[in-house]
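Atoms within a ligand are numbered from 1 in the order they appear, just like the ligands themselves. Residues: numbered from 1 along the sequence shown.
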Amino acid sequence: MSTEIAEVLYRAQERGSAIPQFGTELNLDKAYAVQNQILVKKQSNGEKLTGRKLGFTSKAKMAQMGVNELIVGFLTDSMEPDSDGQVSLAHTVHPRVEPEIAFLFGKDVSPDDDLEVWEDAITKICAAIEIIDSRYQNFVFSLPDVVADNTSACRYIVGDWQSFQLPLQNARVELELDGKIQATGDTAAILGGPWNVVAELHKLAQKYQFSLSSGDILLAGAATEAIPVLDANQIRVSIEGLGSVEVRIRKG
Ligand code: OOG
Ligand code: MG
C-alpha cells in the first residue's frame with residue numbers, strides 16, 4: 001500500500017500535478033517509509049542524493065502550515081539549478097520560496113556516530129534559497145502527508161561556502177523577489193540558533209536510520225514564512241555575516 005502512495009507522489013512530483021491528501025491512510029512512520037521509497041525510485045532513475053533538509057524548525061513556518069513537529073526530507077541533484085545557473089519552475093504546482101542556511105558535511109557520518117562526530121563533520125556554512133512545492137491541493141496537508149511528499153522539497157540554491165566559528169551569532173535574514181523585500185527574520189528563529197538543528201538532525205537520523213556523506217548539504221529550515229514565487233523573475237536571500245545568494249527563474 002505504501003508502494004502505491006509512493007508511486008502517486010512520485011508521479012505528482014515529476015508532473016507538478018496536485019493530488020488530494022492521504023488522510024488516515026498514513027501515519028508518521030509509514031510516511032517516512034513512503035519518502036524513502038520515493039528516494040530509492042529517484043536513485044534508480046539516475047538522481048544523486050545530495051543531502052537532507054529540515055522543515056518546521058521555526059515558529060513562523062509551523063504557524064504558517066499549522067503543524068508542530070520537526071520533519072526531515074532529502075535533496076537530490078535534480079533540485080539544483082540548471083547548468084546556466086537558472087532555475088525552472090516547469091512542472092511545479094504552487095511553488096513558494098524560503099530563505100535558508102545551508103551546512104556542508106566534510107566527512108561521512110552514520111546514525112551510530114555520536115552527536116559530536118556529526119557536529120565535527122560540518123565544515124562550511126552559506127546562505128541558501130529553497131523553493132518548496134506541496135503536491136497537495138491548496139498547499140494543505142497533515143504532518144504525515146508532508147513527510148511522505150518529501151517535505152515539499154522542490155529546488156535549492158546554495159551561495160558561496162564559508163568557514164565559520166561557533167557560536168553562530170543571531171543574524172538578520174532577508175528574502176527579496178525582483179528587488180523587493182518580501183520577508184525578514186532572524187536566524188534565532190531557527191530553534192534559538194541554527195546550530196541547534198544539528199542535534200535535531202542527529203536524532204532524526206537515529207530514529208529513521210539515515211547517514212550523510214562527505215559533500216552532502218543540510219538545509220536548516222526557514223526562519224520566515226514561505227512566499228509564492230511563480231510570478232517572480234529573480235530571488236535573492238541575504239543573511240547578515242554570510243552574504244547573499246541569488247537566482248533567476250527561467251521563463252518559458
Ligand atoms: C514543508 C517544508 C518546510 C522549512 O524550511 O520549514 C520547510 C512545507 O512548508 O511545505 O522546508
Ligand atoms: Mg525549507
Check ligand 1 against [X] and write out every atom of the ligand that is under 4.0 Å from a heavy-atom position of the residue.
X	answer
Gly55	3 (C), 4 (C), 6 (O), 7 (C)
Ile132	8 (C), 9 (O), 10 (O), 11 (O)
Gly221	5 (O)
Phe141	8 (C), 10 (O)
Phe139	10 (O)
Glu100	5 (O)

Query raised in the report: Quick one: does Ala222 get an N or O within less than 3.5 Å of an N or O on ligand 1?
Result: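 Yes, there is a polar N/O contact under 3.5 Å.
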**Report entry** Min N/O separation Thr151 to ligand 1 under 3.5 Å
**Finding:**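 No.
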Less than 4.5 Å apart, any side-chain heavy atom of [X] and any of [Y]?
X	Y	value
Ser134	Val93	no
Glu174	Arg172	yes
Ile249	Ile235	yes
Glu130	Thr151	no

Query raised in the report: Is it true that atom CG of Asp108 has more than 12 heavy atoms of other residues, nucleotides or ligands lying nearer than 6.0 Å?
Result: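 For Asp108, atom CG is crowded (more than 12 foreign heavy atoms under 6.0 Å).
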Query raised in the report: So does Asp231 have more than 12 non-hydrogen atoms from other groups sitting under 6.0 Å from CG?
Result: no
**Report entry** Contact partition for Glu130 relative to ligand 1, non-hydrogen atoms under 4.0 Å
**Finding:**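 It is the side chain that touches ligand 1; the backbone stays farther off.
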Query - Mutual orientation of the aromatic rings belonging to His94 and Phe139 [parallel < 30°, tilted 30-60°, perpendicular > 60°] - result: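 Aromatic pair His94/Phe139 classed tilted.
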Requested in this report: Anything under 30° is parallel, anything over 60° is perpendicular, the rest tilted; go ahead and classify Trp118 against Phe105.
Outcome: perpendicular
So which protein heavy atom does [atom] come closest to, and at what separation?
atom	value
atom 11 (O) of ligand 1	Lys53 NZ, 2.9 Å
atom 6 (O) of ligand 1	Phe56 N, 2.8 Å
atom 9 (O) of ligand 1	Lys61 NZ, 2.8 Å
atom 10 (O) of ligand 1	Ser152 OG, 2.7 Å

**Report entry** Cluster link Val87 to Val245, ILVMFWY, side chain under 4.5 Å
**Finding:** yes
Requested in this report: Identify whether Val40 and Val72 are in the same connected component of the hydrophobic contact network (ILVMFWY, side-chain heavy atoms under 4.5 Å).
Outcome: no
For the Mg ion (ligand 2), the closest N/O/S atom belonging to [X]:
X	value
Glu98	OE1
Glu100	OE2
Glu130	OE1

Requested in this report: Just do the side-chain contact (heavy atoms from CB on, under 4.5 Å) check on Glu7 and Lys41 with the steps written out, would you?
Outcome: CA-CA 9 Å; Glu7 282 294 328; Lys41 186 166 166 94; 3.4 Å; yes
Requested in this report: Nearest heavy atom to atom 4 (C) of ligand 1 wins, so pick from Glu225, Arg96, Met65, Glu98.
Outcome: Glu98
